[in-house]
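Let me begin by presenting the structure, written as structure tokens, before commenting on it.
Convention: sequence-line order gives letters A, B, ...; per-chain numbering from 1.
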Amino acid sequence: MHNFANSLQNFPLDIFCEKISFGKMNDIGKTFIPSTVEGKWIARWEDCGNFDRFADGSKDSFSILMPPPNVTGVLHMGHLLNQTLQDVFIRHARHRNKWATWVPGTDHAGISMQVRVEKELAKNGIDSKKIGRERFLEHAREWRDKHGGIILSQLRSLGVSCDFKNTVHTLDEDYSRGVLTAFVKLYKRGYVYRGKRMINWCPATMTALSDEEVTMKPQKSKLYYVCYEIVEQPGKFIEISTTRPETIMGDVAVAVNPEDGRYKSIVGLHCRRPLNPVEIPIVADFAVDKDFGTGVLKITPAHDVVDFEIGQRHGLPIIDVLNPDGTISAAGGPEFAGLDRFVAREKAGEELHRIGALSKIEDYENNVGFSERGNVPIEPRLSEQWFLKYPRIEEAKRAVADGFIKFYPRRWEKTYLHWLDNTKDWCVSRQLWWGHRIPVWYKKNSDRNDPENWHVSVDGPPDAENWEQDDDVLDTWASSWIWPFGVFHWPEKDKMEVAFFEYFYPTDVLVTGPDIIFFWVARMIMASLDLIGQDKKLLTDEDIAERIPFKNVYFTGIIRDKIGRKMSKSLGNSPEPLDLIAKYGADGVRFGILMSAASGQDLLFNEENMALGRNFCNKLWNAFRFGRIGRDYKSYAETTLDGILAKIIPDDLDVDDHAILLKFVNFCAAFEKLFNDFEINGAVNLLHSFFWDDYCSWYVEASKSRLKEGNCSVLAIHEILIRQLLIILNPFIPFITEELWNAGGNDPRSMQNVYCETANDLHRKFEFLHIDRRVLDTVSSLREFLNAVRRLLSQAKEKVGNVTLYILPKDTVTKGFLESYSGKIKNITAVRNIQFICEVPKFPSVQTPFGMVFLHAEELDTSGEKEKIVTEIAKISDLIILNEAKLSDKNFVEGAPQRVVIGAQKMLAENIARRMELQKILASL
RNA sequence: GGGGAAUUAGCUCAGUUGGUUAGAGCAUCAGCAUGACACGCUGGGGGUCACUGGUUCGAGUCCAGUAUUUCCCACCA
């Protein structure tokens, strides 16, 4: 058996970064340098088996399946977002006391891999078609083992914490048996059939495609108007319009709408096909649009779906004028045979012109189906293929409509349900070699169309020498649709790792793009509902709940460039993810991309966001350094939350300490809610603002003075906040958090499974501090007060140390409070002189929630002071008028809720008080 | 043709059941070596929430319509 994971183990780690050893880190630098920590943590995580699969019945499970990237793929921006999100979910689960597994893997990527290898061989002068199936597959496997899966190695540099030891590849032996088993089971139940149908044919890769693999693109083309002479009425012509004159040789009729008065008289007559001339009938069919062109349609059943259907209705023959590679076949006549279809189109136009059958050519824009992989227009083609009727469509709808599977954002449910309401049978056979060969054998020298001569099984017929296997392979998506259980070795009971399957299935969340809802998401749901559990006709709700492959689907947005274009290689507008990681650090890139990824919204990539992420990490790095520098300390790996809490003397704490702890608990609660609702972007933004604004900008500054005095309780609060933030941040920015978690310690231990205390836990643990909720109001007033003072100070042209602040408190209680707080005010603002006064002085002023503050300085710009206050009074007066009008409106007072009315009253009172203050000052100036 | 999404500061975007005077980051301007951080700190400027109606005491938020952009599905030769 091919062990694909092995080839990964050899991927060198040191390409990511310099190797730095662990050690005591009391003297960490003032800038976070990601390359010094990333490599060692990648290695360490894997060495200690941190991400290995493990089923522990005492804990809840949590599992994610990685959408398997193409084995030919390389890391792109979409992966960055998608994989980061999955890693966040997985690491978060580990901190919530769950056993988590994240199954990685690669997809064999049928067509693109085959094309890739063919090209590679061609470079060496080897013609794939000539060497035959077996030799080609040998080359392909060799290429895969050597270059394939590089993407998984690249992912490691992002810090993904998946179970690399259990990497699955869709062509692994066990997985392949699962794929074939699914096919055989569905065949036996009548879902699989073989038939000659119109399918989408890709002339470049020469294989059939499913409808989903065809994308319509608007094309500038030409509409040819061509005259066909009516046989029974020589000299009279019927004019048709077509974009494809090169298929005229395949015409077997022309058709008009039976209700079209213009042509009623000639229905039933014949006309002469102008190229490769023969007489063909004029038929009437409702599928013809009277209003398009001349209202006459040429019928080429071999090369158009509508024409085929009309041909069936009228018993018309089929003339195939195209070869599989898109050249004109012998049936197209000697002049055209062998020409490429587009060359033939030109030539047909010229030829029609020469014989006088062409009346005009118009420029025309129409939609043409393109093959996604071959990037050429597809041909509707009649051909013998294997088809699959989708199983469990109704149950698949129920699974989502009734909430067994939840979509985020919900609106994709509509897209999903609409598709399920309009499925057409799935063409699953591909004329390729690379893939799962269809497990059908035909009796040698027998009629392949007679099912009597078929053998359908996973292992093949016992007397293999009398049989020939079908040449085709399965659509790649017909293998990845069993991913959710195939990765657990379904259906081999003994190998199936039943314990893992039962423990981890259904998986918790699937993270993917909405562009593969049809290709993959819907099909996985159908496959799971049908193949998991006992064969059963009708599924109960319990069955559905048991069989679904995942409980939640998180759809990411699509990453676009600055001007909104999809990122693609051909446009060259996609940055190289590994370069970004090298520049901003894996953590910075992870944080930056999540910061800008509003859920379900496409996001315009902006490198500035990566800088934002890097800056955040650096800020965290320095927040950690604060309070540590110059101190001997233990690493977080060697302490516990309770241990730190024990260092607090409750009486040491003041209003700021209480407020930050309370705010933190509230933050945790809000964060948990957002996270559980899959509002990851919101959660990240909240984290950013709590850490930066509440913790760094306010609390660190407000606590500096007491820290300087050596207050151990305050230090402990810093320790607690940093500790908890590190755990909460770890899923988002795993490298720096691990590094800081272990800083100062001698025995580095990964923080992977450290429990993250919830808001409730913290609430309980902080109870002994008896925190009064009102501290929040006090601190928010203090912040307003300080902001106002700073605004005032910015008017001073000299050093802040030389100015004097005069505070006129609004009452004596406030005065007492401010006096006790003045040390902090001095520390935060760097002002040295503060005086409390009772009279309004003639200095520039500012209003604060605690009263007026005045500034005196040697050099002061007071010119605009009077004007400033007059404008301010005018502004407030306008507000007061509005407030009064509102409050005198009976409808408002009676209609609005109590709290809103009270709020309005309070506001009015405040504004009136503020105006009075300002008027007093104005009078004194 | 059917359906979805978007439209808020110069740019990128938050704004969760309607409720005080609409937010952030970046950019910009002015100032700062203040005890972790210049990848930093402080302050300023900058918005008729696309438009038009409607519901409501009250609308960026709900409803209807219009415009522009965008995606998905279907497809007439």
Side-chain angles (χ1 to χ4, degrees), chain A residues 30-32 216 223 240-244 255 287-289 291-294 296-300 304-307 364 366-367 369 409 411-412 414-415 418-419 422 514-515 517-518 558 560 562 564 566 584 588 595-596 598 600-606 608-609 611-630 673-674 677 679 681-682 685 688-689 693 696-697 700-701 704-705 707-708 787 790-795 797 799-801 827-830 875 878-879 882-883 886 889-897 899-901 903-904 906-908 910-911:
Chain A
K30 72 177 193 170
T31 304
F32 169 55
M216 304 303 287
L223 196 55
I240 61 103
S241 48
T242 180
T243 51
R244 305 205 57 190
V288 181
D289 181 355
D291 302 322
F292 185 89
T294 58
V296 187
L297 177 64
K298 74 183 197 67
I299 305 299
T300 324
D304 186 277
V305 180
V306 175
D307 290 11
Y364 184 64
N366 63 339
N367 280 332
R411 65 187 143 85
W412 293 113
K414 271 193 186 173
T415 309
H418 180 257
W419 185 77
N422 295 284
D515 48 333
I517 287 185
F518 314 136
I558 295 166
R560 301 172 178 283
K562 266 189 182 169
K566 234 176 172 168
Y584 300 103
M595 197 78 187
S596 53
Q601 217 55 57
D602 284 358
L603 53 125
L604 302 193
F605 175 77
N606 196 335
E608 281 162 8
N609 285 328
L612 193 142
R614 177 201 57 193
N615 296 354
F616 180 86
C617 291
N618 197 53
K619 187 81 173 171
L620 178 66
W621 187 260
N622 279 289
F624 180 89
R625 286 178 74 221
F626 172 75
R628 301 287 171 142
I629 285 178
K673 170 139 192 354
L674 285 167
D677 291 344
E679 296 272 352
N681 174 253
N685 278 298
H688 186 274
S689 74
D693 302 336
C696 293
S697 296
V700 168
E701 296 306 324
K704 267 180 182 167
S705 51
L707 219 47
K708 230 188 281 180
N787 286 343
R790 280 168 176 156
R791 225 177 301 136
L792 184 65
L793 287 170
S794 66
Q795 286 182 30
K797 294 208 162 138
K799 292 248 177 196
V800 174
N827 209 285
I828 292 171
T829 59
K875 229 160 102 187
D878 285 349
L879 280 175
L882 279 173
N883 289 339
K886 207 175 194 181
D889 183 352
K890 226 170 145 189
N891 288 323
F892 171 72
V893 179
E894 285 165 18
R899 63 188 171 82
V900 176
V901 177
K906 212 174 134 195
M907 161 147 284
L908 176 63
E910 273 172 20
N911 282 334

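- For the pair Trp621(A) and Gly895(A), nearest-nucleotide mapping onto RNA chain B gives the more 5' position to Trp621(A).
- Residue Pro514(A) is out of contact with every strand shown, counting any heavy-atom pair closer than 4.0 Å.
- Within 4.0 Å (heavy atoms only), Arg614(A) reaches at least one base atom of the nucleic acid.
- Pairing of A5(B), defined by two Watson-Crick or G-U wobble distances under 3.5 Å, is identified with U69(B).
- Atom name P, nucleotides U28(B) and G10(B): the rounded distance is 15 Å, in whole Å.
- When atom types are taken as modelled, the side chain of Asp304(A) and the backbone of Thr300(A) share no donor-acceptor pair closer than 3.5 angstrom.
- Remark: the separation of the C1' atoms in C39(B) and G58(B) is 45 Å, to the nearest Å.
- When Watson-Crick and G-U wobble pairs are counted only if both distances are under 3.5 Å, U42(B) pairs with A30(B).
- The CG-C1' distance, from Asn891(A) to G19(B), rounds to 16 Å in whole Å.
- With hydrogens and angles disregarded, a donor-acceptor distance shorter than 3.5 Å links the side chain of Asp289(A) to the backbone of Asp291(A).
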Using a cut-off of 4.0 Å between protein heavy atoms and nucleotide atoms, how would you tag nucleotides 71-77 of chain B 5' to 3' with B, S and -? S-S-BBB
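- The gap from the P atom of G23(B) to that of G44(B) amounts to 13 Å, rounded to the nearest Å.
- The nucleotide A24(B) finds its pairing partner in U12(B), both defining distances of the Watson-Crick or G-U wobble pair being shorter than 3.5 Å.
- Across all strands shown, Asp515(A) has no heavy atoms under 4.0 Å from either base or sugar-phosphate atoms.
- An OP1 or OP2 oxygen of C41(B) is reached within less than 4.0 angstrom by a side-chain nitrogen or oxygen of Lys619(A).
- Residue Arg628(A) places no side-chain N or O under 4.0 Å from the OP1 or OP2 atom of A36(B).
- Residue contacts shown for Asn911(A) include a base, since a base heavy atom lies under 4.0 Å away.
- For the atom pair Asp307(A) CG and Lys298(A) NZ, the distance stands at 7.0 Å (nearest 0.5 Å).
- Using the Watson-Crick or G-U wobble rule with both distances under 3.5 Å, U48(B) pairs with nothing in any strand shown.
- Taking only side-chain nitrogens and oxygens, Lys30(A) never comes nearer than 4.0 Å to OP1 or OP2 of G40(B).
- Between the side chain of Lys708(A) and the base of G35(B), at least one donor-acceptor pair of N or O atoms lies under 3.5 Å.
- Arg614(A) forms no cation-pi arrangement with Phe616(A), by the criterion of a distance under 6.0 Å to the ring centre and an angle within 45° of the ring axis.
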Could you check Glu701(A) against Asn827(A) for side chain to side chain contact (heavy atoms under 4.5 Å, CB included), going step by step and ending with a plain yes or no? CA-CA 8 Å; Glu701(A) 296 306 324; Asn827(A) 209 285; 5.8 Å; no
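- A24(B) and G65(B) have their C1' atoms separated by 33 Å, given to the nearest Å.
- With P as the reference atom, U16(B) and G31(B) are 39 Å apart, rounded to whole Å.
- Considering CE of Met595(A) and CG of Asn685(A), their distance stands at 4.0 Å, rounded to 0.5 Å.
- Note on Ala611(A): nothing from the nucleic acid sits closer than 4.0 angstrom, heavy atoms only.
- Heavy atoms of Cys696(A) sit under 4.0 angstrom from at least one base atom.
- Rounded to a whole angstrom, the distance from the C1' atom of G3(B) to that of G40(B) is 49 Å.
- Between the CG atom of Asn615(A) and the P atom of A36(B) there is a distance of 18 Å, rounded to whole Å.
- The shortest distance between the side-chain N/O atoms of Asn685(A) and the OP1/OP2 oxygens of A24(B) is not below 4.0 Å.
- If you check every strand for non-hydrogen atoms under 4.0 Å, Ala904(A) touches nothing.
- Within the 4.0 angstrom heavy-atom criterion, no nucleotide atom of any strand lies near Glu894(A).
- Using a 4.0 Å heavy-atom criterion, one finds that Thr829(A) contacts no nucleic acid atom at all.
- At a threshold of 4.5 Å between non-hydrogen side-chain atoms, the residues Asn911(A) and Asn883(A) count as touching.
- Counting atom types as modelled, Glu701(A) pairs a side-chain N or O with a base atom of A36(B) as donor and acceptor under 3.5 Å.
- Using a distance-only test at 3.5 Å, with no hydrogens or angles considered, a donor-acceptor pair links the side chain of Asn422(A) to the main chain of His418(A).
- Straight-line distance between the C1' atoms of A38(B) and G47(B): roughly 30 Å, to the nearest whole Å.
- We find that CG of Leu908(A) is positioned 12 Å from P of U21(B), with the value rounded to whole Å.
- Taking the P atom of each, G15(B) and A6(B) are spaced 10 Å apart, rounded to whole Å.
- The residue among Ser794(A) and Phe626(A) whose nearest nucleotide of RNA chain B is located toward the 5' end is Phe626(A).
- With rounding to whole Å, Asn622(A) atom CG is found 14 Å from G35(B) atom P.
- Straight-line distance from the CZ atom of Phe605(A) to the P atom of C26(B): 17 Å, rounded to whole Å.
- Across all strands shown, G19(B) is found opposite C57(B) as a Watson-Crick or G-U wobble partner, with both distances under 3.5 Å.
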